[in-house]
Structure formats: C-alpha cells, structure tokens
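Below is one structure, written out as structure tokens; the observations come after it.
Computed from heavy atoms alone, side chains included, the values below leave out hydrogens, waters and symmetry copies. Note that the structure is a prediction, hence the values are computed from the model and not measured.
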Amino acid sequence: MPPELAEAARALFGDRLDLAAAYAEVLATDGVVRGLIGPREAPRIWDRHLLNCAAVAERIPPDASVLDVGSGAGLPGLVLAIARPDLTVTLVEPLARRTSFLVEVVEELGLAKTVRVFRGRAEEAATGSTGVGPFSADVVTARAVAPLDRLAAWCLPLTVRGGRLVAMKGVSAAEEIAEHAEAVAKLGGGEPSVQLCGAGVIEPPATVVEIVRERVVNQPRVKSAAKRSRGGRRRGR
C-alpha cells in the first residue's frame, strides 16, 4: 500500500485492514494473471479500486442485505463485505471464469458466512429462472456496468420496495440522471440523486447515483436457461 494512502485505508477498513490487504494482493497477482484486473491497474489497486469502493459503505444501512450486479473481480461487493462485516452480500456475475475467481477468493478470505456467489445475469437473479432464487436485497450495487436506464432495468427488480440502487458513476453522473430520469421513473424508481462518498477521507470522493425503488413495476420474465440454450450459446454481459 502506498504510504500516503495508509490513513485513509485505516479509516475505511478499521480492524479489517489486513483482510483488505490480502484481497489487494490477490487482485494484483492472480487477478491480473486471470485477466480480471489489467496489468496497468495493479499499482493503483488501493486508490482506484479498494478505497473508492469502500467509501460507498457509508451509503448502506446497518445489517443490510446487498446484491452486487456485474461483480467482476468483486468490486465493489467484496470490498463492502470486507469493510462491513454486518452486511450479507451476494455477488452476481454471469461469466464462469469470474465466478470461479470470486468463489476462490471468498473461501480464501474466510468470508463464506456472509458472502455468496451467483452465476447468472441480473434478470435471472430477479426471476429465479436458473432454478436458484429469486433474489432481492435492501441495497443493490453496481460499478461501471451500464448507462443508468439499463442499469435501473436490471437492478431495480432486485431491490426490495423502499430499498436503494447505489450505482458507482463518474463525473458524468448528473448528465446521466438528466438523460435517463424519465426511464427510471417508468421502472418504479424515485428521483435519482448524486452522492459523494468518502469526502475528507479520499480525494476525489467516490461518486454514486442513488435510486429508491418506490413502486413495483411488472417486467417481462426472462426465458429459462434451457429454452434459451436452444437458440444458441449464452453470452455474458
């Protein structure tokens, strides 16, 4: 860990900083070898990935259930599980090589009591079309997965009524809200808001868009995996 980030890391991870460091080591080694983290990202794992994701924990209430959509290497889901042992976290990821990595890391870090891995798309997690689930959670998280309209379509059905989608976004967050607020409302979401996480701890703070699921809107069910396989091979998002 770069020395200049040590204070922020202690503030965000507390007595689980050693666990966060173990995860950082896995990302920088096995994560790079297996193509989950780019080689150029390895030197920036703490500031660009771990601290940025851990700051989002301030937007999640105590003892909440969390679904992390498009979890990839576990960002932000695994980071939140490390920083917040009170959370129960489900990592949703459609690609086999990524879910294999996630399962191994969860076991290696001793997080199996609070973290589970689901291989499938968000739509499949919401409908239980794979024979597992359906899933729902107090908070659904996502990081750099898709534009806000598509993200809301995937994630709001996984969110309990009154729960929240917490989507990590960049500097264009306000522009996305202006462009997609109408689509979000049609999906049952409230007015999106921009929140800055980790202000005074990390620089720049992490930017998230929050959407409360105010209404339950009926959506088309996803065809079962068996039926879909007749039409060709499944493709991960």
Kindly work out whether a path of hydrophobic side-chain contacts (I/L/V/M/F/W/Y, heavy atoms less than 4.5 Å apart) joins [X] to [Y].
X    : Y    : answer
L148 : L67  : yes
V212 : V184 : no
V89  : V105 : yes
L165 : V139 : no
F135 : V140 : yes

Ignoring hydrogens and angles, tell me if any N or O in the side chain of [X] forms a donor-acceptor pair with the backbone of [Y] under 3.5 Å.
X    : Y    : result
E210 : V166 : no
E58  : G198 : yes
S65  : D138 : yes
R143 : D68  : no
S100 : R97  : no

Rounded distance (nearest 0.5 Å) linking atom [atom1] of [X] with atom [atom2] of [Y]:
X    : Y    : atom1 : atom2 : value
R10  : D15  : CZ    : CG    : 13.5 Å
D18  : I82  : CG    : CD1   : 11.5 Å
K186 : D149 : NZ    : CG    : 11.0 Å
E25  : D30  : CD    : CG    : 10.5 Å
R59  : M168 : CZ    : CE    : 13.0 Å
T141 : L91  : OG1   : CG    : 8.5 Å

Nearest atoms (heavy-atom pairs only) where [X] meets [Y]:
X    : Y    : result
W46  : P2   : CD1-CD, 4.1 Å
V209 : A173 : CG2-CB, 3.8 Å
L95  : E93  : N-OE2, 3.1 Å
V92  : G120 : CG1-O, 3.5 Å
M1   : A6   : SD-CA, 3.4 Å
V32  : A28  : CG2-O, 3.5 Å

Check: [Y] and [X] side chains under 4.5 Å, non-hydrogen atoms:
X    : Y    : result
V194 : T207 : yes
F101 : V26  : yes
L187 : V217 : no
L109 : V115 : no
P61  : R164 : yes
T114 : L87  : no
F118 : T99  : no
L36  : R98  : yes

For I202 and L12: C-alpha separation, side-chain torsions, deciding distance, then whether side-chain contact (heavy atoms from CB on, under 4.5 Å) applies. CA-CA 10 Å; I202 60 173; L12 293 170; 4.0 Å; yes
Are more than 12 heavy atoms, taken from residues, nucleotides or ligands other than E182, located less than 6.0 Å from that residue's CD atom? no
Are there more than 12 heavy atoms of other residues, nucleotides or ligands under 6.0 Å from atom CD of E104? yes
Dump the intermediate steps for side-chain contact (heavy atoms from CB on, under 4.5 Å) on V66 and R84, then the final yes or no. CA-CA 11 Å; V66 176; R84 291 278 303 279; over 6 Å; no
Evaluate the criterion side-chain contact (heavy atoms from CB on, under 4.5 Å) for residue pair V216 and R213; output intermediate values, then yes/no. CA-CA 7 Å; V216 176; R213 188 184 192 190; 3.6 Å; yes
side-chain contact (heavy atoms from CB on, under 4.5 Å) between L27 and L50, worked out: CA-CA 10 Å; L27 287 178; L50 269 66; 3.8 Å; yes
